[in-house]
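I have placed the structure first, in the form of structure tokens, so that the comments after it can refer back to it.
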Amino acid sequence: MYENMSATDSNTGTQSLFTGLPSGVVPIVAILAALVSTYIHLSLAPMVMQFNTVQGALFILAGLGFIGGIVLYLTKYWRRELYLVAIVFALAQVAAFFVMGGRVNQMAIASKVSEVVFAAAAAYLYQTDTAVTS
């Protein structure tokens, strides 16, 4: 799935930390869906924080979790098993919305749809990605 899986620095001969952008549509869809959820969570966090600091902190953690996942995905440290972690993380966002009694509005719908799309893309990548091993 990666174009630059074994990218090395020609000057030093060492392997680069970042592997570059993955090739294919599904990885890009996954990254974009994660960015949509990140944007929504981090942009709403200050407003939510005014009413419920715990929930506001959870919004921040959700956004940072997606950012951290994207960064990890683009490094040599990504492993196939981490797709499963990504799926659980995204679906936990959806479940938390309903468990915590979230209000249904355009931002909530956009966030939950992006998380389901992300989880589906991660599941597909888990099933098809043989390039990322050990």
Side-chain angles (χ1 to χ4, degrees):
M1 288 289 163
Y2 287 94
E3 291 176 359
N4 298 336
M5 193 59 182
S6 61
T8 57
D9 185 340
S10 59
N11 294 334
T12 63
T14 59
Q15 188 172 3
S16 174
L17 172 64
F18 290 97
T19 59
L21 286 177
S23 62
V25 173
V26 178
I28 301 302
V29 167
I31 290 171
L32 291 175
L35 288 172
V36 167
S37 184
T38 297
Y39 173 77
I40 292 169
H41 280 93
L42 293 181
S43 66
L44 292 178
M47 182 182 68
V48 173
M49 191 74 77
Q50 294 175 3
F51 302 104
N52 185 326
T53 55
V54 171
Q55 197 169 6
L58 291 174
F59 268 58
I60 293 169
L61 290 173
L64 294 177
F66 277 113
I67 290 172
I70 292 168
V71 170
L72 181 61
Y73 183 61
L74 299 175
T75 70
K76 66 181 180 178
Y77 298 109
W78 183 260
R79 301 292 176 260
R80 182 174 178 260
E81 296 76 19
L82 292 174
Y83 288 118
L84 298 175
V85 175
I87 294 164
V88 170
F89 181 77
L91 294 180
Q93 305 304 313
V94 176
F97 174 77
F98 293 106
V99 169
M100 297 181 83
R103 286 189 3 202
V104 177
N105 57 39
Q106 290 178 341
M107 294 293 267
I109 292 169
S111 177
K112 300 311 128 194
V113 167
S114 70
E115 290 154 6
V116 169
V117 167
F118 173 80
Y124 174 83
L125 292 169
Y126 176 74
Q127 290 295 318
T128 61
D129 193 350
T130 58
V132 181
T133 58
S134 65

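Bear in mind the structure is a predicted one, so any value in this text is a computation, not a measurement. Numbers here simply count residues along the sequence, with the first being 1.
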Is [Y] reachable from [X] through a run of I, L, V, M, F, W or Y residues, each pair having side-chain heavy atoms under 4.5 Å apart?
X	Y	value
Val29	Val71	no
Val48	Val36	yes
Val116	Val88	no
Ile67	Val117	no
Val113	Leu32	no

Quick check: do Pro27 and Tyr73 have side-chain heavy atoms less than 4.5 Å from each other? yes
I want to check something: taking the side chain as every heavy atom from C-beta on, are Met100 and Phe97 in contact at a cut-off of under 4.5 Å?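 Not touching, per the 4.5 Å side-chain cut-off.
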State, to 0.1 Å, how close [X] and [Y] come at their nearest heavy-atom pair, and which atoms those are.
X	Y	value
Phe89	Gly65	CZ-CA, 3.8 Å
Phe118	Ala86	CE2-O, 3.5 Å
Ile31	Ile70	O-CD1, 4.1 Å
Trp78	Gly69	CZ3-O, 4.2 Å
Pro46	Ser43	CD-O, 3.6 Å
Ser111	Ile40	N-CD1, 3.5 Å

Please report the C-alpha distance between Leu44 and Met47 in whole Å, then the side-chain angles of each, then the deciding distance to 0.1 Å, and finally whether the side-chain contact (heavy atoms from CB on, under 4.5 Å) criterion is met. CA-CA 5 Å; Leu44 292 178; Met47 182 182 68; 3.9 Å; yes
Tell me every residue that passes side-chain hydrogen bond (donor to acceptor under 3.5 Å, both in side chains) with Ser37, counting only those two or more places apart in sequence or in another chain. His41, Glu115
Should Phe66 and Leu35 be marked as a side-chain contact (heavy atoms from CB on, under 4.5 Å) after you check the CA-CA gap, both sets of side-chain angles, and the distance that decides it? CA-CA 7 Å; Phe66 277 113; Leu35 288 172; over 6 Å; no
Donor-acceptor pair, distance only, cut-off 3.5 Å: does the side chain of Ser114 make one with the backbone of Ala110?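 Here the side-chain-to-backbone pair exists.
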List the atom pairs, donor and acceptor, that lie under 3.5 Å between side-chain atoms in residues 49-63 and the rest of the protein, sequence neighbours left out.
{"unit_1": "Asn52", "atom_1": "OD1", "unit_2": "Val54", "atom_2": "N", "d": "3.1"}
{"unit_1": "Asn52", "atom_1": "OD1", "unit_2": "Gln55", "atom_2": "N", "d": "3.0"}

Residue pairs, two or more places apart or on separate chains, that pass salt bridge (charged side-chain N to carboxylate O under 4.0 Å, His left out) and touch residues 41-63: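 Not a single pair qualifies under salt bridge (charged side-chain N to carboxylate O under 4.0 Å, His left out).
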